[in-house]
Amino acid sequence: MLYHSTRSCTSEVDSAFAVLQGLATDGGLYMPQALPAFDAKACLEGDFYAMAAALLGAFLPDIPHMEDLVCKAYTGKFAAPDLTPTVPVGDFSVLELFHGPTSAFKDVALSMLPQLLTAAKAEKQIAEDILILTATSGDTGKAALEGFKDVPGIKICVFYPHGGVSKVQQAQMVTQEGSNVTVCAVYGNFDDAQTGVKNIFAACREVKAGQLSSANSINIGRLVPQITYYFKAYQDLLSRGAITMGQEVNFSVPTGNFGDILAGYLAKLLGLPVGKLICASNANNVLTDFIRTGTYDRRRDLHKTISPSMDILVSSNLERLLYLMSGQDTALVAELMGQLNRQGFYTVPEALLGAIQEAFWAGCCDDTGSQAAISRVWNEHHYLCDPHTATGWAVAEAYVNQTGDHRPMVVLSTASAYKFPAAVLTALGGDTSGDEFQQMEALCALTGVAIPKNLSGLKEKAPIHTGVIAKDAMLDYVQAL
Ligand SMILES: *Cc1c(COP(=O)(O)O)cnc(C)c1O
C-alpha cells in the first residue's frame with residue numbers, strides 16, 4: 001500500500017515513511033492511493049484494542065506488530081476500562097472521548113502516535129533523533145507532550161498561541177516534565193502558530209536537534225487511531241440494543257482542524273453504517289459556510305471563544321476530504337490550496353459540493369448558544385458537557401429540528417468540562433471568583449461530578465516553560481534547539 005500527497009502523485013512512499021515524515025514535501029498531506037479492503041462487521045466484534053489493531057494494520061501495513069503497539073499505547077492510560085464509552089443522554093448518545101491522560105479526545109490518537117513513530121523509525125533504521133513540531137489550539141500540545149515525554153530517540157517542541165488557550169490548558173503545558181520536551185508560547189493566534197510550523201517544514205526537514213516530524217492531525221498516524229472510536233460507539237449502541245446491525249447512525253462532531261470528523265468519514269468509507277456527519281463549529285464558522293455554499297473563505301477575523309480548540313480558520317484536514325471526494329484529483333486540490341494561500345478563498349466545483357453535502361451537514365453555535373446547551377443538558381439530563389461538546393450537542397439539535405432526520409444520534413464529547421471550568425460554571429450560574437483550581441472545586445461542589453486526577457494534580461506543579469516568542473522567530477527557535 002502506497003501513500004502520496006493530496007497535491008500530486010509523483011512521489012510515492014510506504015506507510016511507515018508517511019508516518020515518519022508527517023507532511024509531504026510539496027506541502028500536501030499523505031493519503032493512501034486506495035483505501036484498504038476492510039471487514040467492518042468483523043471489526044465490530046472485537047474490543048477497542050482489537051478494533052484499533054485492525055484499523056491501524058489495514059492503513060499502516062509497513063509497521064509490524066500492531067497488536068503489541070496498541071497494547072503498549074493504551075494499557076493503563078485511560079480512566080475508563082473500555083477507553084471511549086458511549087452513554088445515553090436524553091434522545092442522543094454521548095461518545096466520551098475524554099478519559100485519557102490529559103482529559104481531551106486527542107489522547108486517543110496521541111497515546112498511539114509515539115508507538116507508531118518509534119516502530120516506523122526502527123523499521124526504516126533511522127539512527128538520528130526525530131523532533132516533533134506541534135502547533136496547538138490547546139489540547140493537542142498537552143496530549144502530545146504526555147505521549148512523547150521521555151520516549152527515546154524522539155524530542156518534542158510545542159508552540160501555543162499566547163493568551164489563546166484556557167488557563168487549565170496553559171497550566172497543563174507549562175508544567176510539563178520530561179527530558180525531551182520544549183514548550184513555547186507565540187504572540188499570535190492558533191493559525192499563526194500552525195502557519196509558523198508549516199513554514200518551518202517548508203524551509204527545512206532537519207535541524208540540529210533531529211529530523212522533523214509532526215504530531216498534528218496532518219500526520220496520517222494521528223488520523224487512523226481516531227477511526228477506532230466510531231466503530232466502538234457503533235458497537236456500544238448495538239450492545240445496548242439501541243440499533244440493529246446495519247442501521248445507520250448520525251454523528252455530531254465539534255470540529256476545528258477537521259481531523260476528528262474526517263476519521264468518521266473514513267469509518268463510513270470502510271463500511272461502518274454512518275448516516276450524516278454533522279460538522280459543528282463555534283463562532284469561527286468558516287466550515288459551516290463552506291459546507292453550505294462551497295466557498296471556503298478564511299478572510300475574516302478569528303474570534304476567541306470559550307471552545308478554544310475550535311478557534312481555527314484554516315482547517316488542515318479538509319484538504320484530505322477534497323482529495324477523497326474529488327476522486328483523488330490532486331491537480332484540483334493543489335489548485336484550490338494555492339488559491340487559499342494566495343487569495344484567501346476558493347470555491348469548489350458544483351459536483352464536489354453536492355458530494356460533500358450528501359455526507360455532511362454543518363451548523364454553528366456561538367458562546368451564548370454553547371452555554372445555553374451546557375445549562376439545558378445539565379438541567380434536563382444531569383449530564384455535564386464542556387463547551388466543545390455543548391457545541392456539538394446544540395448543532396445536533398438544530399440538525400434534527402431542521403431536517404426531521406431521527407436516525408440515532410451520537411454526539412462526540414471531546415473534552416472534560418474541568419478543562420474549561422470558568423465557562424462551564426458561568427453557564428450553570430455558579431461562582432467564578434477564584435483561580436481555575438477553585439473554579440474546578442466550585443464546579444465539583446455544584447455538580448458532584450469528580451475532577452479528573454490529572455487536572456486537580458496540576459495545582460502542585462511549578463511552571464517550567466515560560467518563554468514567549470514572535471511568530472516570525474519560530475524557525476530560529478527550532479534551529480537553535
Ligand atoms: C482538537 C479539539 C477539537 C477539534 O478537533 P479537530 O480534529 O481539530 O476537528 C474539538 N474539541 C476539543 C476539545 C479539541 O481538543
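Numbers for residues simply follow the sequence, beginning at 1. Counting starts at 1 for both ligands and their atoms, following the listed order. Just so it is clear, the model here is predicted, and its values are computed rather than measured.
- With hydrogens and angles disregarded, a donor-acceptor distance shorter than 3.5 Å links the side chain of N180 to the backbone of I154.
- Looking from atom 12 (C) of ligand 1 to the surrounding protein, the closest heavy atom is T414 OG1, 3.4 Å.
- Between Y265 and F360, the ring centre distance stays below 6.0 Å.
- Scanning both residues, G264 and L277, for their nearest heavy atoms gives C-CD1, 3.9 Å.
- Counting atoms of ligand 1 from 1 in the listed order, those under 4.0 Å from a heavy atom of T255 are 9 (O).
- With hydrogens and angles disregarded, no donor-acceptor distance shorter than 3.5 Å links the side chain of S413 to the backbone of L95.
- Nearest-residue assignment for atom 5 (O) of ligand 1 (options F258, F420, F105; heavy-atom criterion): F105.
- The N/O atoms of G256, backbone and side chain alike, include one that comes under 3.5 Å of an N/O atom in ligand 1.
- Geometrically, ligand 1 and T140 share no nitrogen or oxygen pair separated by less than 3.5 Å.
- Of the protein's non-hydrogen atoms, the one nearest atom 13 (C) of ligand 1 is D139 OD2, 3.1 Å.
- The single protein non-hydrogen atom nearest to atom 14 (C) of ligand 1 is K106 NZ, 2.8 Å, given as residue, atom name and distance.
- The ring of H99 has its center no closer than 6.0 angstrom to the ring center of F78.
- Residue S309 approaches ligand 1 through these ligand atoms, each under 4.0 Å from one of its heavy atoms: 2 (C), 12 (C), 14 (C), 15 (O).
- The shortest separation from a heavy atom of P254 to ligand 1 is under 4.0 Å, placing the residue in contact.
- By the 3.5 Å distance cut-off applied to N or O atoms, D260 is counted among the residues near ligand 1.
- Residue contact check: A415 has heavy atoms under 4.0 Å from atoms 13 (C) of ligand 1.
- Looking at D386 next to ligand 1, no N or O pair under 3.5 Å apart turns up.
- The pair E146-K77 does not meet the salt-bridge criterion, since no charged nitrogen lies less than 4.0 angstrom from a carboxylate oxygen.
- Ion pairing between a basic and an acidic side chain is recognised when a charged N comes within 4.0 Å of a carboxylate O; R298 and D191 show no such pairing.
- Salt-bridge formation is detected for the pair D192/K471: a Lys NZ or Arg NE/NH1/NH2 atom is positioned less than 4.0 Å from an Asp or Glu carboxylate oxygen.
- Note on ring orientation: taking the six-membered ring where Trp is involved, the planes of Y74 and Y49 are perpendicular (angle over 60°, cut-offs 30° and 60°).
- Using the six-membered ring where Trp is involved, Y346 and F290 have ring planes that are perpendicular, over 60° apart on the 30 and 60° scheme.
- By the 4.0 Å heavy-atom criterion, F98 is excluded from the residues contacting ligand 1.
- Looking at atom 8 (O) of ligand 1, its nearest protein heavy atom turns out to be N257 N, 2.7 Å.
- Polar contact with ligand 1: present for G259 (N/O pair, distance under 3.5 Å).
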